[in-house]
Amino acid sequence: MTTAPDMDSFRTFLKNKGLKATPQRLAVHGAMLELGHACADMVCEHVLKSGFTTITVASVYNILSQFAGMGLYRRIPSVDNKVWYDITTRSHFHIYDRKRDEFKDHADEQFYAVIQSYFKENPPKGYKVDDIDIHLACHRSRKSK
């Protein structure tokens with residue numbers, strides 16, 4: 001899976017895992033599909049604004065963590081020590097906009113291949129590379145049109 005499933009496929013996924021499609025789980029997944037990249041606070045705010053169900057930040061964090069552990073989302077470590085989640089689970093880069101406090105996907109397969117090749121030939125001593133997770137911490141250099 002490279003992207004989180006749509007809502008119908010998500011319900012099937014939950015059923016296959018023996019989990020109920022609770023309003024909270026559905027709301028969190030729906031929020032993630034809309035947001036793409038988010039931390040628990042953002043998802044909670046999105047769910048509460050939608051009025052679909054009530055939920056706490058702690059519950060959102062637990063649901064996001066559970067789903068990330070199942071491979072539905074990818075965890076993104078951030079420069080501000082928040083845990084962010086991404087609906088795109090394939091390996092890719094991110095641009096983190098410090099001023100806007102948001103992540104965006106950055107697709108550059110050629111650069112990613114160079115990084116993978118480098119670490120395949122030069123693994124860190126005493127370690128096996130499981131994945132490469134790079135994000136560029138930036139701010140906009142000019143105003144968008």
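If you read the sequence from its start, that first residue is 1, and numbering goes on from there. Please read all numbers here as calculations on a predicted model, not as lab measurements.
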J.: Under the side chain to side chain contact (heavy atoms under 4.5 Å, CB included) criterion, do T89 and L72 qualify, and how do the steps go?
T.: CA-CA 7 Å; T89 56; L72 282 176; over 6 Å; no
J.: Is there a donor-acceptor pair closer than 3.5 Å between any side-chain N or O of S50 and the backbone N or O of F52?
T.: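 Such a contact is found between S50 side chain and F52 backbone.
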J.: CZ/R11 to NZ/K20 distance, rounded to the nearest 0.5 angstrom?
T.: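 Answer rounded to 0.5 Å: 15.5 Å.
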J.: Just how far is it from atom OG1 of T53 to atom CD of Q24, taken to the nearest 0.5 Å?
T.: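 Here the rounded value is 4.0 Å.
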J.: Which side-chain N or O atoms in residues 32-48 pair as donor and acceptor under 3.5 Å with protein atoms at least two apart or in another chain?
T.:
unit_1 : atom_1 : unit_2 : atom_2 : d
E34    : OE1    : H46    : NE2    : 3.1
H37    : ND1    : F103   : O      : 3.4
H37    : NE2    : D86    : OD1    : 3.3
H37    : NE2    : D86    : OD2    : 3.4
H37    : NE2    : H94    : NE2    : 3.3
H37    : NE2    : D105   : OD1    : 2.7
E45    : OE2    : K49    : NZ     : 3.1

J.: Please check if Y73 and L19 belong to a single hydrophobic cluster, counting links between Ile, Leu, Val, Met, Phe, Trp and Tyr side chain heavy atoms closer than 4.5 Å.
T.: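 As far as the 4.5 Å side-chain criterion goes, L19 and Y73 are connected within one cluster.
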J.: Before accepting this row, confirm whether a basic side-chain N of the pair D97/K104 lies closer than 4.0 Å to the acidic partner's carboxylate O.
T.: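 Between K104 and D97 there is no salt bridge, as every charged N stays at least 4.0 Å from the carboxylate O atoms.
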J.: Which distance, rounded to the nearest 0.5 Å, do you find between the CZ of R98 and the NE2 of H139?
T.: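 With rounding to 0.5 Å, CZ (R98) is 9.5 Å from NE2 (H139).
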J.: Kindly list each side-chain donor-acceptor pair under 3.5 angstrom involving residues 56-65, sequence neighbours excluded, with atom names and distances?
T.:
unit_1 : atom_1 : unit_2 : atom_2 : d
T56    : OG1    : S59    : N      : 3.1
T56    : OG1    : S59    : OG     : 3.1
N62    : ND2    : A58    : O      : 3.3
S65    : OG     : Y61    : O      : 3.0
S65    : OG     : Y85    : OH     : 3.2

J.: Run Q66 and R25 through side chain to side chain contact (heavy atoms under 4.5 Å, CB included) and show every step you take.
T.: CA-CA 10 Å; Q66 179 184 36; R25 286 181 177 137; 3.9 Å; yes
J.: So, do R74 and T88 sit near enough that their side-chain heavy atoms are less than 4.5 Å apart?
T.: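 A side-chain contact is absent here, since even the closest heavy-atom pair is not under 4.5 Å.
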J.: Say you draw a straight line from NE2 of H29 to CG of L26; how long is it, rounded to the nearest 0.5 Å?
T.: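 Separation between the atoms: 9.0 Å.
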J.: To the nearest 0.5 Å, what is the distance between OG1 on T22 and CG on L14?
T.: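 Here the interatomic distance stands at 8.0 Å.
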J.: Suppose we call two aromatic rings close when their centres sit under 6.0 Å apart. Are F13 and F67 close by that rule?
T.: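 Ring centroids of F13 and F67 are no less than 6.0 Å from each other.
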J.: Answer with yes or no whether the hydrophobic clustering places M70 together with V83; edges join I, L, V, M, F, W, Y residues whose side-chain heavy atoms lie under 4.5 Å apart.
T.: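 Yes: a chain of side-chain contacts under 4.5 Å links M70 to V83.
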J.: In Å, rounded to the nearest 0.5 Å, how long is the span from CD1 of I76 to NZ of K82?
T.: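 Here the interatomic distance stands at 11.5 Å.
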J.: Assigning hydrophobic clusters by single linkage (Ile, Leu, Val, Met, Phe, Trp, Tyr; side-chain heavy-atom cutoff under 4.5 Å), is Y112 placed with Y118?
T.: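 In one cluster with Y112: Y118, yes.
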